[in-house]
2 protein chains.
Amino acid sequence: MRLTHQREEILSFLRSKRAHYNAVEIYDAVRERIPNISLGTVYRNLGKLVEDGEIITVETDNRSIYYDGYIVPHTHFVCKCCSQIFDFEEEGQSFKSIRDKGFTIDKHRTVLYGTCTVCNEKN
Amino acid sequence: MRLTHQREEILSFLRSKRAHYNAVEIYDAVRERIPNISLGTVYRNLGKLVEDGEIITVETDNRSIYYDGYIVPHTHFVCKCCSQIFDFEEEGQSFKSIRDKGFTIDKHRTVLYGTCTVCNEKN
DNA sequence: TATAGTAATAGGAATTATTACTGATAAGGA
DNA sequence: TCCTTATCAGTAATAATTCCTATTACTATA
């Protein structure tokens, strides 16, 4: 993977912020430094950076995918009022410490990604 | 909430299958029984059924939302080869029993939905 | 039965997020 | 420096979902 100027800016932006952004927000931010970067380039690079494990995605019930430069495994909390995404280290099932901080949890989703038994046997 | 013919068919379809379908798949299935149902009606009713807690959604890194009539809390596994979604009761963090069944896990995502501390204090 | 008020519908247009395509550009090795 | 090839900008296309409008169905009341 070539380290292009565009890819470098996208990655350093995500790493510099401890927050979560969708493709358009990243596009707007990076455009301040590379004014003529195109949205397609942002999408392509985000895809490659995810593939490479440099960044991770957050899938919410919102229509767009959010990207996160903080790749240590953690739990995300999406607020239905302000739409902010919060990080939590807690990995248990009770989420007691999150509730204790004043967060109200309506639902939680755990999704694993990988290869199923049948597909593993085929390959 | 009015229990219309359309809503009934959508709900009973999802409850009859222990699998996960996106809006278009549900549309195709229900159309066999209500040929002139519209895709908009399917989307609207799915939204209301989710609101009501009759069904749940599965958010994957795929672009479309999947719907599940099985509402007991559980973990989902998405296969990157066949795109199938599997259910697991296991709620721990090791997912040992899932791996033991022959599944390979690349990544896992836990997302909580609710209201954050600041928004809770505002209301 | 009428009638009115409300809620839901079909069908299609519009919107939004993302991906694909094309000719031009630049990264990195020889 | 030159050459190969991945990557780029710009734009068109696609896919998923939501919105809009005229019409229809249901409910309660008279």
Side-chain angles (χ1 to χ4, degrees), chain A residues 1-14 20-52 54-68 76 78 80 83 85 109 111 113, chain B residues 1-14 20-52 54-68 76 78 80 83 85 109 111 113:
Chain A
M1 180 158 81
R2 266 186 207 172
L3 190 58
T4 64
H5 182 34
Q6 288 85 346
R7 187 164 301 160
E8 234 174 351
E9 286 293 343
I10 291 167
L11 185 54
S12 77
F13 169 74
L14 281 173
H20 313 79
Y21 301 92
N22 63 30
V24 173
E25 288 166 345
I26 294 163
Y27 173 57
D28 287 338
V30 173
R31 220 164 11 150
E32 288 180 12
R33 311 204 61 183
I34 311 174
N36 70 330
I37 193 172
S38 81
L39 185 55
T41 299
V42 172
Y43 271 107
R44 188 164 15 76
N45 281 303
L46 287 171
K48 292 224 168 131
L49 289 167
V50 168
E51 243 178 57
D52 248 51
E54 301 279 3
I55 61 175
I56 63 170
T57 55
V58 191
E59 291 93 24
T60 74
D61 56 4
N62 195 317
R63 282 179 311 290
S64 59
I65 293 165
Y66 289 82
Y67 298 87
D68 190 350
H76 290 109
V78 182
K80 68 178 170 191
S83 306
I85 301 174
R109 299 277 174 266
V111 182
Y113 296 92
Chain B
M1 179 156 84
R2 222 187 251 176
L3 190 60
T4 65
H5 182 36
Q6 287 85 347
R7 188 163 301 159
E8 231 173 353
E9 286 294 345
I10 290 168
L11 185 54
S12 77
F13 168 73
L14 281 173
H20 312 80
Y21 300 91
N22 63 28
V24 173
E25 287 166 347
I26 294 163
Y27 173 58
D28 288 339
V30 172
R31 220 160 19 145
E32 287 180 12
R33 312 204 62 185
I34 311 175
N36 69 330
I37 195 170
S38 80
L39 185 54
T41 298
V42 172
Y43 271 108
R44 190 167 11 78
N45 281 304
L46 287 171
K48 293 221 169 135
L49 290 166
V50 168
E51 244 178 56
D52 249 50
E54 301 279 3
I55 62 175
I56 63 170
T57 55
V58 192
E59 290 93 25
T60 74
D61 57 4
N62 194 315
R63 277 219 275 133
S64 59
I65 293 165
Y66 289 83
Y67 297 88
D68 189 349
H76 290 110
V78 183
K80 68 180 171 191
S83 306
I85 301 174
R109 297 278 174 266
V111 182
Y113 296 91

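Proteins come first, then strands; the chains are lettered A, B, ... in the order of their sequence lines, and each starts at number 1.
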### Task
Whole angstrom is fine here: how far is it from CG in B:Leu46 over to C1' in C:dA8?
15 Å

### Task
Quickly work out the B:Tyr67 OH to D:dA16 P distance and round it to whole Å.
12 Å

### Query
Heavy-atom distance under 4.5 Å between the side chains of B:Leu11 and B:Glu54, does that happen here?
yes

### Length of the CD-C1' vector between A:Glu59 and C:dA17, whole Å
14 Å

### Task
Return yes if some donor-acceptor pair links the side-chain N/O of A:Glu25 with the main-chain N/O of A:Asn22 below 3.5 Å, else return no.
yes

### Query
For the residue pair A:His76 and A:His20, does the interplanar ring angle fall in the parallel (under 30°), tilted (30 to 60°) or perpendicular (over 60°) class?
perpendicular

### Message
Counting the atoms with a prime plus P, OP1 and OP2 as sugar-phosphate, which does B:Leu39 contact under 4.0 Å by heavy atoms, base, sugar-phosphate, or nothing?
### Response
base

### Nearest-nucleotide comparison on DNA chain C, the residue closer to the 5′ end among B:Asn45 and B:Arg63
B:Asn45

### Message
Below the 4.0 Å mark, does D:dC8 have OP1 or OP2 next to a side-chain nitrogen or oxygen of A:Thr4?
### Response
yes

### Query
Has B:Thr41 got a side-chain N or O lying under 4.0 Å from the OP1 or OP2 atom of C:dA8?
no

### Query
Would you say A:Arg44 reaches D:dC8's phosphate, i.e. side-chain N/O to OP1/OP2 under 4.0 Å?
yes

### Query
Rounded to the nearest Å, what distance is computed from the CZ atom of residue B:Arg7 to the C1' atom of nucleotide D:dC26?
13 Å

### Message
Base of D:dT5, side chain of A:Arg2 - is there a donor-acceptor contact under 3.5 Å?
### Response
yes

### Query
Start at the 5' end of DNA chain C and walk down; is the nucleotide closest to B:Asn36 or to A:His5 reached first?
B:Asn36

### Message
Whole angstroms only, please: what is the CG-P distance between A:Leu49 and D:dT7?
### Response
11 Å

### Query
Is there a donor-acceptor contact under 3.5 Å from the side chain of B:Arg109 to the main chain of A:Tyr113?
no

### Query
Are OP1 or OP2 of C:dA8 and a side-chain N or O of B:Lys48 less than 4.0 angstrom apart?
yes

## Note on the structure
In whole angstroms, the gap separating P of C:dA7 from CD of B:Gln6 amounts to 17 Å

### Message
Could you tell me how far apart A:Glu8 (CD) and C:dA26 (C1') are, to the nearest whole angstrom?
### Response
14 Å

### Task
Test A:Glu59 against B:Val111 for side-chain contact (heavy atoms from CB on, under 4.5 Å), laying out the working first.
CA-CA 8 Å; A:Glu59 291 93 24; B:Val111 182; 5.9 Å; no

#### Entry: A:Tyr43 vs C:dT19: side-chain N/O to OP1/OP2 distance below 4.0 Å
no

### Task
Grab the CD-P distance between A:Glu25 and C:dT18 for me, whole Å please.
11 Å

